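From a predicted model like this one, the values you see are computed outputs, not experimental measurements. The first residue in the sequence is number 1, and the count goes up from there.
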Amino acid sequence: MSDVFAPEQCEKFRLIFDQFDQNGDGDISAKELKGALKLLGQSADTKSCKKMIKAYDKNATKRMEFKEFLDMMANVFQYHLSHPDSAQDPSSEEFPKSVENGKKKSKSTDAADAAAQNQRMEELFDSLDVDESGFIDPEEILS
């Protein structure tokens, strides 16, 4: 699946990708990326999320598929491994590029879905944050 990551690492990234892909359609929209980043404590506007997706969207669908997500993660890891003291936001301008359909829901259902999604994201984050630093370091995913 990936030239950079081992199969076990790809499995971890699949778990993350599946959490970002809130509607389960197999790709990540700018709206889903924005929501996932918000849950992870990062702020990004829709325009920045669209720009981030566009940088990796090889087939011009305006959505990020799993392979494209792996490409992005490889660049994030490459950047952070070469800049270990950096806490730079990968959606920022300086970060290197190289490196809903369906039925409408009620507001109470949306709130319950958001709470459940938030709980799943926190559990996933906690499982990947091995050293409990509040950050998921490349070493934690690569281990």
State the CD-OG distance between Gln22 and Ser29, to the nearest 0.5 angstrom.
-> 7.5 Å

Rounded to the nearest 0.5 Å, how far apart are CD of Gln42 and SG of Cys49?
-> 10.5 Å

Measuring from Phe17:CZ to Glu32:CD, what's the distance to the nearest 0.5 Å?
-> 8.5 Å

Hey, could you give me the CD/CG distance between Glu65 and Leu70, rounded to the nearest 0.5 Å?
-> 11.5 Å

Of all the heavy-atom pairs spanning Thr61 and Asp57, show the shortest one and how long it is.
-> N-OD2, 2.8 Å

Between Leu37 and Ala44, what is the shortest heavy-atom contact and its length?
-> CD1-CB, 3.9 Å

Report the residues that fulfil salt bridge (Lys or Arg N to Asp or Glu O under 4.0 Å) with Asp27, sequence neighbours left out, ordered by chain and then residue number.
-> Arg63

Taking the inter-plane angle between the rings of Phe13 and Phe5 on a 0 to 90° scale, is it parallel (under 30°), tilted (30 to 60°) or perpendicular (over 60°)?
-> tilted

How long is the span from the CE atom in Met52 to the NZ atom in Lys34, to the nearest 0.5 Å?
-> 12.0 Å

Indicate yes or no: at least one non-hydrogen side-chain atom of Met73 is less than 4.5 angstrom from one of Ile16.
-> no

Contact summary for Leu33 and Ile53, nearest pair of heavy atoms | CD2-CG1, 4.0 Å

Can you tell me how far the CD atom of Glu68 sits from the CD1 atom of Ile28, to the nearest 0.5 Å?
-> 9.5 Å

Sub-4.5 Å side-chain heavy-atom contact between Leu15 and Gln19 = no

